[in-house]
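Have a look at the structure below, then the notes.
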Amino acid sequence: MQTSPKKCSFAQKQSEHQYNMYRNITHNLENWKNSSNRKPLILLGARQVGKTWIMQDFGKRHYESVAYVNCDENPLAKTMFEEDYSIPRILLVVQAITGVTVLPGKTLIIFDEIQEAPRGLHCLKYFYENAQEYHVMAAGSLLGVAIGHKESFPVGKVNMLRLYPMNFEEFLLALGEKQLYEILQQGDKKILGIMKPKYINLLRQYYFVGGMPEVVLSYAENKNLKEVRALQKDIIESYRRDISKHATNSEAVRINQVLDSIPSQLTKENKKFIYGVIKEGARAAQFELAIQWLIDAGIVYKVPRVSTLKLPLKAYEDLGAFKLFLLDCGLFGQMADAPAAQTIASNHAFTEYKGAFTEQYVHQQLTSMEINTYYWSNEKSSGEIDFVIQSNGRVIPIEVKAEENVRSKSMSEYIKKYPELQLKGLRISMKDFVDQGWMENIPLYAIKI
């Protein structure tokens, strides 16, 4: 079985090649660095979404030096917070491990895999209270699990950001399509329409490759589709190793069962998560903790049902009904064993799998914009609105269509039934930009909210 390179070699590969692995989060990191009330920064995100690389790359570009400490790989780092929370002592340990003299404001301190160091998270509180002049970042592939289950968390003493897989725009840059990226940024609908065939071709590629940085870099370098699938498989296997390492045997079985069920859950006509798909007779009580583990690890995202389309959506959440999406459409394709011929070489990815690929993709783009997603369904009929969001003080129902031949029956009926809500729908499909008054259509390759 082909295995992916280790983190350090991945970062080295990115520095050796001229592909633009720009991440949108860089702007947020710059704001953090320049903030007058800067706190230690915790970077959340699933394994292999690029946390280590973005921290190191940002450090190299914005600081005189970087003191990088991996709290999982270095035995001394694993115990550095156990004795006490003395910042001078900890800084000496950092210097001993890295060989870097830490200078206030000039050195970026990185604690990677900080959840593997007992009391490491809690120590960030003392950097904020007693040594705010030092710039500190921390990350970990299972940091969300640690925060949710066992670690003492420094509430109010840290800043937090989340890193996602690369979205479609970042993918374009990575493939050297800077002009197409800039056209998307400008939003000129006429030019976007002219360039539509190119965008659709690249969107097919994105469906197959997805946004995991290591996979994107490999594809940008050599366009080897077998290597893409091998790397994606290795990422899924790394998730399974984390599950085995950090969960009990019985918990690990349930977590893997939930993970394995997601492709079949999303390819059903009714995409509401059904416990019986995991195994016959399964009940919520058996799998709630397993689902939460995957959510905390950043591997899946939960999209709750809402009973009505009113502000605030959170108030109308149905706790008993939800959908689960994987973090990345490329990983979804690998788990679904979707052939390259159905994605790269044709439109089958858009039309097959009951729209699952397209919904997975749209959810991924919305999530990368930090937009919370819900969905609506009618308990008495088959009516369903794929996603519901709130933005700029209004509720937006969203229909997702994989083709140009579209009908938004459920959304149309809901908007007509409740005129007092003054809703305007959004349809995301292969059609060009069009505004019909009650609903606006935007192309799949140009999602903007």
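Computed from a predicted structure; not experimentally measured. If you read the sequence from its start, that first residue is 1, and numbering goes on from there.
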Separation of E73 CD from D112 CG (nearest 0.5 Å): 8.5 Å
Intermediate values then yes/no, side-chain contact (heavy atoms from CB on, under 4.5 Å), M212 and L331: CA-CA 8 Å; M212 303 304 281; L331 297 184; 4.2 Å; yes
E384 and S410: CA distance, side-chain angles, deciding distance, side chain to side chain donor-acceptor pair (under 3.5 Å) verdict: CA-CA 6 Å; E384 181 175 312; S410 294; over 6 Å; no
Nearest-0.5 Å distance, OH of residue Y128 to SG of residue C123: 15.5 Å
Audit row: L366, I398, side-chain contact (heavy atoms from CB on, under 4.5 Å) steps and yes/no: CA-CA 11 Å; L366 294 175; I398 300 175; 4.3 Å; yes
Any V388 side-chain heavy atom under 4.5 Å of T373 side chain: no
Spacing of I371 atom CD1 and Q365 atom CD [to the nearest 0.5 Å]: 10.5 Å
Heavy-atom pair of closest approach, residues Y375 and I385: CB-O, 3.5 Å
More than 12 heavy atoms of other groups within 6.0 Å of K424 NZ: yes
Distance-only donor-acceptor check, side chains E403 and S429, under 3.5 Å: no
P197 backbone acceptor or donor facing N201 side chain under 3.5 Å: no
Main-chain N/O of R427 paired to E440 side chain as donor or acceptor, under 3.5 Å: no
Minimum-distance pair of heavy atoms, taken over all atoms of P40 and W32: C-NE1, 4.4 Å
Heavy-atom side-chain contact between L327 and V49 under 4.5 Å: yes
Residue pair L202 / L172, side-chain heavy-atom distance below 4.5 Å: yes
Donor-acceptor contact below 3.5 Å, side chain K323 vs main chain P304: no
Separation between CD1 of I449 and OG of S391, rounded to the nearest 0.5 Å: 7.0 Å
Shortest non-hydrogen contact between F332 and T267, atoms and distance: CZ-CG2, 4.4 Å
Main-chain N/O of R38 paired with Q132 side-chain donor or acceptor, under 3.5 Å: yes
Spacing of CD belonging to Q115 relative to CD1 belonging to I42, to within rounding of 0.5 Å: 10.5 Å
From CA spacing to verdict: side-chain contact (heavy atoms from CB on, under 4.5 Å), I389, L426: CA-CA 10 Å; I389 66 171; L426 178 65; 5.9 Å; no
Name of the residue among L124, L43, L108, N159 meeting side-chain contact (heavy atoms from CB on, under 4.5 Å) with M137: L108
Close aromatic pair by centroid cut-off 6.0 Å: Y445 and F168: no
Verdict with supporting geometry, Y206 and Q364, side chain to side chain donor-acceptor pair (under 3.5 Å): CA-CA 12 Å; Y206 183 74; Q364 190 167 338; 3.0 Å; yes
OG1-CD distance between T107 and Q95, expressed to the nearest 0.5 angstrom: 10.0 Å
R47: which of D328, D242, D234 passes salt bridge (Lys or Arg N to Asp or Glu O under 4.0 Å): D242
Cation-aromatic face contact K223/Y219, 6.0 Å, 45 degrees: yes
Cationic tip of K268 above F273 ring, under 6.0 Å, 45° of axis: no
Side-chain donor/acceptor of S412 to backbone N/O of K409, under 3.5 Å: no
Check: I110 and V66 side chains under 4.5 Å, non-hydrogen atoms: yes
Any side-chain heavy-atom pair of V228 and F208 under 4.5 Å: yes
Side chain to side chain donor-acceptor pair (under 3.5 Å) assessment of R229 paired with Q232: CA-CA 5 Å; R229 279 293 188 245; Q232 291 166 339; 2.6 Å; yes
Charged tip of K302 within 45° of F322 ring normal and under 6.0 Å: yes
Between S218 and N224: side-chain donor-acceptor atoms closer than 3.5 Å: no
Heavy-atom closest pair, residues K51 and G140: CE-O, 3.6 Å
Derivation of the side chain to side chain donor-acceptor pair (under 3.5 Å) call for Y63 and H135: CA-CA 10 Å; Y63 293 85; H135 294 213; 2.7 Å; yes
Close side-chain approach of Y68 to V94, heavy-atom, < 4.5 Å: no
Student check: side-chain heavy atoms of L44 and L163 closer than 4.5 Å: no
T367 side chain vs H363 backbone, donor-acceptor pair below 3.5 Å: yes
Worked verdict on E30 versus K33 for salt bridge (charged side-chain N to carboxylate O under 4.0 Å, His left out): CA-CA 5 Å; E30 290 169 348; K33 179 182 186 295; over 6 Å; no
Under 3.5 Å donor-acceptor, E317 side chain and R305 backbone: no
Contact check, side chains of L324 and Y301, non-hydrogen atoms, under 4.5 Å: no
Pairs involving residues 169-189, ordered by first then second residue, that meet side-chain hydrogen bond (donor to acceptor under 3.5 Å, both in side chains) (sequence neighbours left out): R23-E170, E169-Q185, E169-K448
Heavy-atom pair of closest approach, residues F127 and I109: CE2-CD1, 4.3 Å
Taking every non-hydrogen atom, the tightest pair across A77 and C71: CB-CA, 3.9 Å
Near-ring test F325/F387, centroid separation under 6.0 angstrom: yes
Side-chain donor or acceptor of S244 paired with backbone N/O of R240 under 3.5 Å: yes
Over 12 foreign heavy atoms within 6.0 Å of NZ, K196: yes
L444 vs Y207, side-chain contact (heavy atoms from CB on, under 4.5 Å): CA-CA, chis, key distance, verdict: CA-CA 12 Å; L444 281 161; Y207 273 32; 4.2 Å; yes
